[in-house]
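Sequence lines set the chain letters: A, B, ... in the order given, protein chains first and strands last, and positions in each chain run from 1.
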Amino acid sequence: MIEIKGLYKSYGSGSKSVKALQGINLSIEAGMFGLLGPNGAGKTTLMRILAGIVNPSRGSVRVNGHDLAVESERRAVKSVLGYLPQELGLYPDLSARQFVDYMAILKGVDNAQARQKRVDEVIAMVSLENDADRPIKGYSGGMKRRVGIAQALVNDPRVLIVDEPTAGLDPEERIRFRNLLVDLASDRVVLLSTHIVGDIGLTCRNMAVLSKGRICFQGSPLDLTRLAEGHIWTIVSPDGSKPDDGLTVVSMQHMPAGVAFRVVGASAAGYPQARPEQPSLEDGYMWLMKGSNGKDAELQD
Amino acid sequence: MKQFLGVLRYEYRMSIKRRSILITAFIFSAYYIFMWMTNEYHFDLAEGIANPLFAQAGQNVFGLNLFFPVVVGIAASDRAIRDFKLGTRELLRATDLRNSTYVLGKYFGVVLSFVTLEFVIVFFVSIFIVIKMHWSALFILYNLLSVLLISTPGLCFIIAFSLLCPLFMPLRVYQILFTGYWYWGNFISPTVMITLSDTVLNASGEFPMTAFLGVMVSADSPEVTQAKAIANILTLLLVAALALTGMTAYINKTEKRAA
Amino acid sequence: MKNNSRPSANLNSKYTFQAFQKDQFWLPAAIMALFMIIAVFINEANRFNTFRAFLGFTLPLICGGLSAYAFLEDTALELQFTTSRSTWKMIFERLSIIALVITLTALVFQVYAYLIGVDLSLLGGLLARQLIWAAPSLAMLAFGASVSLLARSSPGGFAFVGGFWTLQLFMRGWFANSPVLRNVLLFYSAMDPNTHAAAVNQLSLVWIFVLLLLATHNLLKKTERYI
């Protein structure tokens, strides 16, 4: 449903030019697709291009067969799009219900009764029924995020693009929202961009990792996890000194025998007490990121 | 003192690096040169001027000062309120920076940025004039002195209000009112309607120009004594100080209320 | 939920009114009230000039000032850009509110002039008189919008609008004396009403409005400049 071919995006020109995307090729089918990457990897730029508000420097993007380079087709894409930006701005004087209704009107949901019903549905989906008629300026950060999610869903989009949707949500809301996304993904494209590895592992069938504007991995979360097989150890250090030799500490746990470090690296030969571990998705991501510093080309799927 | 200088330095940088303001200043400078080329400026010089070159320099700066403060007043008006909008004020509150230091640092940073901008414009324009008219290079120095004498007190006055007023009124409301004020409060004749233009609150620089350099805006301009010009400058600076005190008090009060 | 019927513009306007800063409604009214008070207390000889100053000089400034803030101060601008409505529609939504408010203000002010017995016929007949404020206000409407988009900053845009307005005010004699430049002088038809030159000036300002509106459209289409 989303076809990205040879996508490049640069900001600025000359020596100050920033290459945000450098030759992205991606094919995203219906279902939940995760986009993972460190800050500044180009995720938000890619999301904005897909949402039709940033133009690519080069390459083509087709959503549901519509070419985003053509104005009329871009509008057709926007009419079936739900978008939650990373930095969400709302109108503080409107209530959540009014704001979502306003966005529904702007998105072309014209039938007043159907719109009213849909607004009520999405307000309920994000559990804002009790506060929906208060002005947004009195909301907490998490509540504002939920308003953002509701407006993204209000036109029942065929393509849903959510950029860091769970930022600011409490654990319960986060779980509820993850489940909601999985439900929605049964018959549409849901593109989830985040740097919270756990959110991807628990929701997405397919994913890609973006680093320095390039795709350095594309596959399933399980594939990414497997990348780290044989590269994860636990090293217990009695004096608490951190393991070195090119190993990256993923986590540490204080125990009576010392500090247990979970590490990622090519080899733990320097540590005879190192115990091999089964990798997690986070380990796979860390291993990939260690490699992507100099091995982008090798890892490109 | 270090905190004050830190605020001042960064305010100065942020204020002067705005491309839209620099472009606007550039366009007005180009206009200014154009006017010189077409000899549009012709004021009536008072008789018996001791230093005609200085008087001419004052006239140049006053010409720029007709509209340059409008750009300054508008451009300076988002400097304080944006800290509140962008949330940086909350960060600053979490430091031991005193509100008075913050206000003063911001104020002097903004004032210096616009005085620098005016210096640069006047410097290059006066070089152009020296070359065109074959005048003494002293003319350049007189122009820069004229900026301090004629323009700077008015800039100090308007920038204080441009920082203060948007804290309690919408930005664009202030900007529109300020643009109207500049003409009404400084250039409308008191015979037409009540105005500040004949009082010591006139911020156009006309009083010091007339009193110290002997340049009159028009033949029927009222005579200005040196005492009145000094009173004019001191009043502008005093009112600016009062506005800054008010701004500090306003920030203290709103933060106390929010706490 | 795919919708094929026409959008309900009335509801859209309702939220557009609610969502944006309320000062675009009360500011013109407040300045008008100030001029109404001045008109009462000013001497008889200058009373007509007070009305002329508000209609021909002040309203265009207010119009330019409001339009400089019409787009970029929108807190939900990124979301607005992701909707499928056209750029023209967005421009119309924002600028028509300002135009409406300015029109109402101008009409109320003229009714007030009638009520206190000020004869505005020197500015032309009832319809011709409306062009004294409408033509420059339209030009400033598109000027404020386009310059702020060009500068990617509302304060930066308004600095230019305010500077330009002040410059024209000070140099109005010089502009008016030039057969070419008087056509871009915002205040020309207020200074020299009921003349052929005033009509040409008004026509020229309307053309400037159209050109700047096209520029606004082209600038607003480049959405990535503003997010």
Residues 129-147 of chain C vs chain B, non-hydrogen distance cutoff under 4.5 Å, contacting residues -> none

In this structure, CD1 of Ile176(B) is separated from SG of Cys63(C) (nearest 0.5 Å) by 9.5 Å

Most contact-rich option vs chain B, by heavy-atom pairs under 4.5 angstrom, among Phe57(C), Phe41(C), Trp26(C), is Trp26(C)

### Query
Is the count of non-hydrogen atoms from other residues, nucleotides or ligands lying under 6.0 Å from Phe119(B) atom CZ greater than 12?
yes

Between the CZ atom in Arg172(B) and the CD atom in Gln24(C), the distance rounded to the nearest 0.5 Å is 5.0 Å

When rounded to the nearest 0.5 Å, the distance separating CD1 of Ile23(B) from CG of Leu150(C) is 7.5 Å

Under a 4.5 Å heavy-atom criterion, the part of residues 157-170 of chain C in contact with chain B comprises Phe158(C), Ala159(C), Phe160(C), Gly162(C), Gly163(C), Phe164(C), Trp165(C), Thr166(C), Leu167(C), Leu169(C), Phe170(C)

Review point. Quick check: are there more than 12 heavy atoms from other residues, nucleotides or ligands sitting under 6.0 Å from CZ of Arg225(C)?
Key: yes

In terms of heavy-atom contacts, Pro155(C) and Ile74(B) come closest through O-CG2, 3.7 Å

Here the gap from Leu61(C) atom CG to Tyr183(B) atom OH, rounded to the nearest 0.5 Å, amounts to 13.0 Å

Rounding to 0.5 Å, atoms OG (Ser153(C)) and CG (Asp78(B)) come to a distance of 7.0 Å

Max heavy-atom pairs within cutoff under 4.5 Å with chain B, candidates Leu66(C), Leu34(C), Ile42(C), goes to Leu66(C)

Whatever's closer than 4.5 Å to a heavy atom in chain C on Phe68(B) counts as neither

(message) More than 12 heavy atoms of other residues, nucleotides or ligands under 6.0 Å from CZ of Phe124(B): yes or no?
(response) no

- prompt: Are more than 12 heavy atoms from other residues, nucleotides or ligands located less than 6.0 Å from atom CD of Glu224(C)?
  reply: yes

If one checks every heavy atom of Ile62(C) against chain B at 4.5 Å, the contacting part turns out to be both

- Message: Are there over 12 heavy-atom neighbours, none belonging to Phe84(B), within less than 6.0 Å of that residue's CZ?
- Response: yes

